[in-house]
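Okay, so here's the structure we're looking at.
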Amino acid sequence: MWLTLLYSCSGGAALLYILYRWVIPSIVQYHAGLALMWHDVIVERLLDVLTRSTRPQRLLAAVQKNATRGDPRSVVKAIDEFCRYTEWAMNVGDEKGCILDSVVSEVNPATVLELGTYCGYSTVRIATLLPPDAKLITLEFNPDFAVIARQVIAWAGQEEKVHLVEGSSGDLIPKMKEQFGVKSFDLVFLDHWKDRYLPDAKLMEECGLLGKGSVLLADNVICPGSPDYLDYVRNSPKYRSQYFKSHLEYTKVEDGLEKSVFLG
Ligand SMILES: C[S@@+](CC[C@H](N)C(=O)[O-])C[C@H]1O[C@@H](n2cnc3c(N)ncnc32)[C@H](O)[C@@H]1O
Ligand SMILES: [Mg+2]
């Protein structure tokens with residue numbers, strides 16, 4: 001009897017594991033709402049409780065285990081593998097990351113602002129492509145994420161190029177000129193909470209942080225989406241705007257990046 005019970009329990013556990021690991025992820029990856037609900041709410045909370053750690057801490061552990069210190073490409077690869085095969089996370093990801101890389105290379109910026117650091121994945125991608133004298137300021141208002149991001153950036157050997165500032169974009173953007181010595185930004189990567197894209201773009205304009213030719217690159221303009229921002233940059237005579245179609249990080253849900261050149 002005990003043997004039968006053991007068999008049925010282990011059979012049930014195996015079935016649950018197969019559902020969790022393969023069946024549900026392969027179904028939800030085509031649906032925006034379900035994908036975000038599954039990965040960003042259910043799985044994250046479950047693993048936080050079961051492992052008594054946070055997703056950023058688990059991501060950092062994967063970097064320390066699998067990436068070579070001082071090799072930024074290996075850091076990016078370790079995070080992408082962790083997010084594709086172990087646990088989804090809200091980095092720009094490998095697919096949209098290639099578009100980000102090509103825009104950074106094309107603009108070849110001397111000054112970059114990133115809104116939303118999270119664990120430092122996109123920060124490392126951007127920093128790797130910058131010339132040695134370029135300046136990358138990245139803003140993150142969650143101190144727990146900032147602690148992890150600093151370690152990821154240092155593991156990638158990019159800490160000299162990156163200035164991670166803790167605080168909210170709305171408070172920090174007006175201080176960029178006086179406190180951080182910035183004249184204007186050649187490139188801004190918007191990847192913080194989506195309802196802040198439009199107010200922060202307007203704030204950067206008001207503060208004189210955008211010059212003729214400055215590029216705004218906005219992630220997740222379709223999923224989760226930032227319709228008011230898209231409407232603004234696509235219809236304002238101040239911008240020439242272009243959409244790069246792609247997928248929400250580590251899924252097959254449509255998402256994309258909007259590149260908007262400030263015309264002055
Ligand atoms: C999608 S994640 C950034 C992902 C990161 N850019 C990457 O691709 O690796 C968004 C981050 O923005 C931060 N954030 C949201 N609103 C913010 C704000 N107004 N100011 C500063 N940080 C913000 C969140 O705490 C979160 O860590
Ligand atoms: Mg994003």
Side-chain angles (χ1 to χ4, degrees), residues 32 35-36 39-40 44 54-57 59-60 62-63 72 75-80 82-84 87-101 103-104 112-129 136-153 155-156 158 162-176 187-204 216-226 229-230 244 246-251 253-259:
L36 288 173
H39 292 297
D40 217 15
E44 183 168 15
T54 65
R55 176 168 283 174
Q57 288 169 341
L59 184 148
L60 174 65
V63 168
V75 169
V76 167
K77 184 167 175 272
I79 297 176
D80 283 330
F82 174 75
C83 295
R84 277 211 177 271
E87 198 178 332
W88 184 94
M90 59 177 164
N91 326 118
V92 67
D94 42 8
E95 196 184 338
K96 288 182 292 176
C98 292
I99 302 171
L100 170 64
D101 292 354
V103 172
V104 175
V112 185
L113 175 65
E114 176 178 63
L115 303 177
T117 321
Y118 188 44
C119 299
Y121 171 91
S122 53
T123 317
V124 169
R125 279 195 96 113
I126 298 169
T128 309
L129 295 167
L136 165 54
I137 297 176
T138 181
L139 310 185
E140 175 54 60
F141 67 14
N142 182 321
D144 297 333
F145 295 167
V147 165
I148 300 293
R150 283 187 208 286
Q151 293 175 77
V152 168
I153 293 162
W155 198 275
Q158 299 299 306
V162 177
H163 186 177
L164 195 167
V165 186
E166 277 180 53
S168 84
S169 53
D171 293 338
L172 291 167
I173 287 171
K175 297 180 181 161
M176 283 295 142
L187 177 66
V188 181
F189 181 49
L190 296 94
D191 194 18
H192 52 336
W193 295 159
K194 310 312 154 194
D195 60 355
R196 287 301 310 178
Y197 283 19
L198 182 58
D200 285 345
K202 289 183 173 170
L203 191 56
M204 287 186 283
L216 303 186
L217 186 66
D219 188 27
N220 307 109
V221 292
I222 304 299
C223 182
S226 191
Y229 172 81
L230 270 192
F244 292 86
S246 185
H247 296 98
L248 175 70
E249 43 267 33
Y250 316 113
T251 75
V253 174
E254 189 188 332
D255 187 24
L257 292 153
E258 185 82 4
K259 176 190 168 198

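None of the values given here were measured: they were computed from a predicted structure. The first residue in the sequence is number 1, and the count goes up from there. Hydrogens, waters and symmetry mates are skipped; everything else that's a heavy atom, side chains included, is used. In each ligand, atom 1 is the first atom listed, and ligand 1 is the first ligand listed.
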List below, pair by pair, the N or O atoms of ligand 1 and of the protein that are less than 3.5 Å apart, including the distance to 0.1 Å; reply 'none' if no pair qualifies.
residue	atom	partner	partner atom	Å
ligand 1	6 (N)	Gly116	O	2.8
ligand 1	6 (N)	Ser122	OG	2.8
ligand 1	6 (N)	Asp191	OD2	2.8
ligand 1	8 (O)	Val92	N	2.7
ligand 1	8 (O)	Ser122	OG	3.1
ligand 1	8 (O)	Asp191	OD2	3.2
ligand 1	9 (O)	Ser122	N	3.1
ligand 1	9 (O)	Ser122	OG	3.3
ligand 1	16 (N)	Trp193	N	3.4
ligand 1	19 (N)	Ser169	OG	3.0
ligand 1	20 (N)	Ser169	N	3.0
ligand 1	22 (N)	Phe141	N	3.2
ligand 1	25 (O)	Glu140	OE2	2.6
ligand 1	27 (O)	Glu140	OE1	2.7
ligand 1	27 (O)	Glu140	OE2	3.3

Fill in: Sub-4.5 Å side-chain heavy-atom contact between Glu258 and Leu217
no
Interatomic distance, OG1@Thr128 vs CG@Asp101, rounded to 0.5 Å, equals 8.0 Å
Check your understanding: Are Arg84 and Asp94 ion-paired here, with the side-chain N under 4.0 Å from a carboxylate O?
Key -> yes
| task | May I ask you to decide whether Glu166 forms a salt bridge with Arg150, counting only side-chain N to carboxylate O separations under 4.0 Å? | result | yes
His192 ring center within less than 6.0 Å of Tyr197 ring center: yes
Taking both backbone and side chain into account, is any N, O or S atom of Asn220 nearer than 2.8 Å to the Mg ion (ligand 2)?
yes
Is the Mg ion (ligand 2) less than 2.8 Å from an N/O/S atom of Asp219, whether that atom is in the backbone or a side chain? yes
- Query: Using a distance-only test with no angle check, is there a side-chain donor-acceptor pair under 3.5 angstrom linking Asp191 and Tyr118?
  - Reply: no
Among the N/O/S atoms of Asp191, the Mg ion (ligand 2) lies closest to OD1
### Message
Tell me if a side-chain donor or acceptor on Asp255 pairs with a main-chain N or O of Ile222 at a distance below 3.5 Å.
### Response
yes
